[in-house]
4 protein chains.
Amino acid sequence: MRGKNTKERILKASLKLFSQKGIRETTIKDIAKEVGITEGAVYRHFESKEEIVLGLFKQYSEEFYNKLLNATKSGDSYEERFKNTTKAFISFCFKNPSAFKYLNLFHYLRPEDIKHFSPLPKDAIWNLIEEGIDQGILKVKKEYALAVFVGTLERIFLLVEAGLLKKEEVNMEEIKEIIWKALS
Amino acid sequence: MRGKNTKERILKASLKLFSQKGIRETTIKDIAKEVGITEGAVYRHFESKEEIVLGLFKQYSEEFYNKLLNATKSGDSYEERFKNTTKAFISFCFKNPSAFKYLNLFHYLRPEDIKHFSPLPKDAIWNLIEEGIDQGILKVKKEYALAVFVGTLERIFLLVEAGLLKKEEVNMEEIKEIIWKALS
Amino acid sequence: MRGKNTKERILKASLKLFSQKGIRETTIKDIAKEVGITEGAVYRHFESKEEIVLGLFKQYSEEFYNKLLNATKSGDSYEERFKNTTKAFISFCFKNPSAFKYLNLFHYLRPEDIKHFSPLPKDAIWNLIEEGIDQGILKVKKEYALAVFVGTLERIFLLVEAGLLKKEEVNMEEIKEIIWKALS
Amino acid sequence: MRGKNTKERILKASLKLFSQKGIRETTIKDIAKEVGITEGAVYRHFESKEEIVLGLFKQYSEEFYNKLLNATKSGDSYEERFKNTTKAFISFCFKNPSAFKYLNLFHYLRPEDIKHFSPLPKDAIWNLIEEGIDQGILKVKKEYALAVFVGTLERIFLLVEAGLLKKEEVNMEEIKEIIWKALS
DNA sequence: CATGAATGAGTCTTCATTCAT
DNA sequence: GATGAATGAAGACTCATTCAT
């Protein structure tokens with residue numbers, strides 16, 4: 001074992017580059033260079049570029065899902081659980097901006113691939129919303145609720161990424177209130 | 001007649017393929033075949049693939065911007081203008097799904113390229129929102145308002161594209177109300 | 001059309017190199033260099049190396065089969081047809097030594113691939129032999145007869161190729177007599 | 001015990017794989033896996049893949065030669081020695097099909113390499129044939145005799161390998177008669 | 001002696017672009 | 001204006017060989 005954690009380092013470098021430049025635009029050589037090894041070495045750890053691509057999606061998709069799922073369960077009232085879920089969402093975005101960008105990339109570039117994975121992050125939110133509607137707390141069509149929830153938070157993230165909004169200016173409490181007001 | 005509008009046909013075919021498969025995944029040969037010409041002929045109308053890519057962005061970005069801008073001006077009250085803008089947004093999405101998907105691709109894959117263009121569709125919305133805030137009608141931070149507006153509508157579109165929401169079920173009136181409630 | 005008959009020239013060069021060095025040992029670059037083009041150009045004419053490999057097998061396998069089949073039908077007596085078939089075999093070998101070597105390569109390297117092709121050269125001989133046995137002219141098990149016929153002639157060819165026997169010393173008449181004696 | 005005879009086990013595994021898939025198609029990793037060791041370990045026993053390739057040829061070429069040579073000497077009459085040699089040939093083929101296929105591979109893929117080795121199996125037969133001709137027992141040109149002898153037996157083997165002839169149906173006595181009739 | 005990570009030189013294949021016709 | 005053959009620079013992947021452990 002010459003390098004330590006090479007597999008992990010490859011995944012990390014891949015995520016970074018994929019989210020920065022895109023999947024097709026990132027070559028195995030780019031990844032190898034970022035890690036500090038040669039192209040061939042990558043293939044000792046992964047059978048193909050596709051394995052890296054899908055492996056990363058699976059890993060972060062599950063991680064995000066679990067974070068959201070936990071949040072949907074933590075809190076005394078429905079509203080608190082709702083709030084915690086928006087927090088968890090925003091929190092994941094900003095702690096793993098590369099991962100979040102990467103996951104979103106799939107909506108546009110590889111919608112077909114997404115179908116093979118479950119559960120997906122949105123499923124956690126979906127369930128939360130359904131529950132809110134069943135209890136009469138949320139008052140809008142569930143698809144609209146999902147769109148407001150996910151769409152708004154994703155855009156907040158993109159505005160920060162684009163430099164149009166400062167990270168420090170992101171006030172989770174306020175954002176949660178806005179979404180809550182829209183749906184209830 | 002056959003050779004007429006070849007440039008337009010190339011753009012149309014490119015948009016279709018780019019939005020379906022991605023830019024990198026679409027070759028000049030693919031485009032030529034879709035148009036019914038040969039590879040070399042494409043280069044009689046465009047200097048490079050990049051010219052097509054950016055040309056398309058410019059064209060639809062401007063078209064979308066203009067549609068939105070007009071909408072922000074048409075209506076007696078601010079609320080009506082706001083409503084008309086959401087309608088114009090949704091309307092553009094569903095009439096030009098390829099173009100909308102294509103424009104969004106740039107947020108993830110080529111954020112740098114976007115900066116060279118102005119005005120961008122969001123600028124029209126941005127102005128509308130600023131105005132609403134100045135007049136005390138909208139009550140939230142303008143970045144949040146933009147996030148809710150654009151994020152929600154984009155997600156509605158994506159849900160339809162993904163088959164999770166039927167086009168017929170999209171009720172503009174209701175959606176406008178939700179956004180309006182969130183921001184006012 | 002910059003070069004003439006490029007496709008044909010690729011096939012010719014491939015056959016030559018494959019039969020000299022083996023299929024795996026011959027690269028697309030080797031072939032391109034032999035033809036006087038670049039690697040990429042090969043792919044305008046063939047989708048893959050495999051297409052060249054199998055295409056060549058099919059082409060010469062059929063040609064050889066047809067030559068043999070015609071020979072099995074030309075002649076008044078069975079013996080004369082038999083003789084003509086040995087002549088046709090030897091004749092094909094020496095006129096197309098590359099092709100013959102190439103076809104034989106498949107017995108050792110790609111026996112599986114052979115199964116997908118029919119008819120094969122040996123089928124023509126097989127039928128001739130069966131007929132001879134049915135008529136009571138040939139007196140040995142048909143598999144043995146095939147082995148003597150094909151094995152002997154192939155070895156004659158290999159001895160010439162190896163420089164152990166001069167082409168001019170190959171006396172078809174005599175060889176036919178030997179085989180005939182063995183089987184009748 | 002496990003590490004014992006590793007060299008032999010590598011050779012055995014290599015022969016098996018080479019004869020099944022071809023030399024180029026067999027990787028050091030394949031061989032190592034078959035033996036149950038790792039790639040690096042192979043290089044503790046052999047300096048290169050080429051050393052294995054040639055080592056195997058040498059080993060089995062000599063073994064086959066010796067078997068044939070012994071047979072050419074065992075028997076009271078020339079005819080009996082001739083018969084025993086055909087038996088020895090067939091016997092070697094069927095007891096070591098991998099080795100026989102492997103040796104034959106060289107006729108097509110690496111004729112140059114063969115020249116460096118002597119004696120070769122055919123030399124034993126060559127001498128037997130020359131003797132038969134000198135004694136006036138065999139009546140055909142010696143090259144033809146060699147072709148009939150070796151070609152026929154090799155083809156018998158290939159027919160069995162291809163599943164076109166059952167091993168049980170191979171009657172050495174009869175085959176020897178056919179060859180003898182052809183040459184005497 | 002053995003491991004298996006890493007190297008580096010290929011190998012097949014793709015594709016934007018050029019250019020002779 | 002159009003064709004499609006050819007170029008040339010990459011890109012994904014392979015594999016014999018080396019080497020740190």
Side-chain angles (χ1 to χ4, degrees), chain A residues 1-7 10 24-32 35-53, chain B residues 2-4 6-7 24-33 35-53, chain C residues 1-7 10 24-32 35-52, chain D residues 2-4 6-7 23-33 35-53:
Chain A
M1 194 200 298
R2 255 182 278 184
K4 290 276 180 202
N5 299 113
T6 305
K7 187 161 185 169
I10 291 170
R24 266 311 267 288
E25 292 74 10
T26 300
T27 69
I28 295 291
K29 201 167 203 161
D30 290 336
I31 296 169
V35 174
I37 56 180
T38 55
E39 288 175 85
V42 173
Y43 287 90
R44 176 156 292 277
H45 302 280
F46 297 93
E47 290 206 334
S48 66
K49 185 180 176 181
E50 195 65 8
E51 190 187 327
I52 302 178
V53 168
Chain B
R2 180 104 64 79
K4 225 47 201 141
T6 303
K7 188 161 185 169
R24 277 300 281 272
E25 290 74 10
T26 300
T27 70
I28 295 290
K29 197 168 195 168
D30 290 336
I31 295 169
K33 192 182 287 177
V35 174
I37 57 180
T38 55
E39 301 159 85
V42 173
Y43 285 88
R44 201 146 286 281
H45 301 279
F46 297 92
E47 289 207 333
S48 66
K49 186 180 178 181
E50 193 66 8
E51 192 188 326
I52 301 178
V53 169
Chain C
M1 193 199 296
R2 255 182 280 185
K4 291 276 178 200
N5 298 114
T6 306
K7 187 161 186 169
I10 291 171
R24 265 313 266 288
E25 291 74 9
T26 300
T27 69
I28 295 290
K29 201 168 203 160
D30 291 336
I31 296 169
V35 173
I37 56 180
T38 56
E39 287 174 87
V42 173
Y43 287 90
R44 175 156 291 276
H45 302 280
F46 297 93
E47 290 206 334
S48 66
K49 185 180 177 182
E50 195 65 7
E51 191 188 328
I52 302 178
Chain D
R2 180 103 66 79
K4 226 46 199 140
T6 303
K7 188 161 185 169
I23 295 169
R24 276 300 281 273
E25 290 74 10
T26 300
T27 70
I28 294 291
K29 197 166 195 170
D30 290 337
I31 295 169
K33 191 181 286 176
V35 173
I37 58 179
T38 56
E39 300 159 85
V42 173
Y43 284 88
R44 201 145 287 282
H45 300 280
F46 297 91
E47 290 206 332
S48 66
K49 187 180 177 180
E50 194 64 9
E51 192 187 326
I52 301 177
V53 169

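Just so you know, these numbers come straight off a predicted model, no measurement behind them. Just so it is clear: chains get the letters A, B, ... in the order the sequence lines come, proteins before strands, and each one is counted from 1.
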Just the rounded figure in Å: distance from C1' of F/dA6 to CD1 of C/Ile31. 17 Å

Distance from C/Thr26 atom OG1 to C/Ile31 atom CD1, nearest 0.5 Å? 6.5 Å

Measure from CD1 on D/Ile37 to P on E/dG4 and round the result to the nearest Å. 11 Å

If you restrict it to nitrogen or oxygen atoms, what contacts under 3.5 Å exist between nucleotides 14-17 of chain E and the protein, and what is each distance?
{"residue": "E/dA16", "atom": "OP1", "partner": "B/Lys49", "partner atom": "NZ", "Å": "3.0"}
{"residue": "E/dA16", "atom": "OP2", "partner": "B/Ile28", "partner atom": "N", "Å": "2.8"}
{"residue": "E/dT17", "atom": "OP2", "partner": "B/Tyr43", "partner atom": "OH", "Å": "2.7"}
{"residue": "E/dT17", "atom": "OP2", "partner": "B/Lys49", "partner atom": "N", "Å": "2.9"}
{"residue": "E/dT17", "atom": "O5'", "partner": "B/Tyr43", "partner atom": "OH", "Å": "3.4"}

Got B/Val42 and B/Val35 here, is their nearest side-chain heavy-atom distance under 4.5 Å? no

What is the distance, to the nearest angstrom, from the CZ atom on D/Phe46 to the C1' atom on F/dT18? 18 Å

Sequence neighbours excluded, the answer for salt bridge (Lys or Arg N to Asp or Glu O under 4.0 Å) partners of A/Glu25 is none

For atom CG of C/Asp30 and atom C1' of E/dG10, their distance in whole Å: 11 Å

Pairs counted as Watson-Crick or G-U wobble with both distances under 3.5 Å: what dot-bracket string results for DNA chain E, using | for bases tied to another strand? .||||||||||||||||||||

Using a cut-off of less than 4.0 Å, is there contact between a side-chain N or O of A/His45 and OP1 or OP2 of E/dA6? yes

What pairs of residues pass the side-chain hydrogen bond (donor to acceptor under 3.5 Å, both in side chains) test when at least one of them lies in residues 41-51 of chain A, not counting sequence neighbours? A/Arg44-D/Glu39, A/Glu50-A/Arg110

Restricting to side-chain contact (heavy atoms from CB on, under 4.5 Å), what partner residues turn up for D/Thr38, sequence neighbours left out? D/Ala41

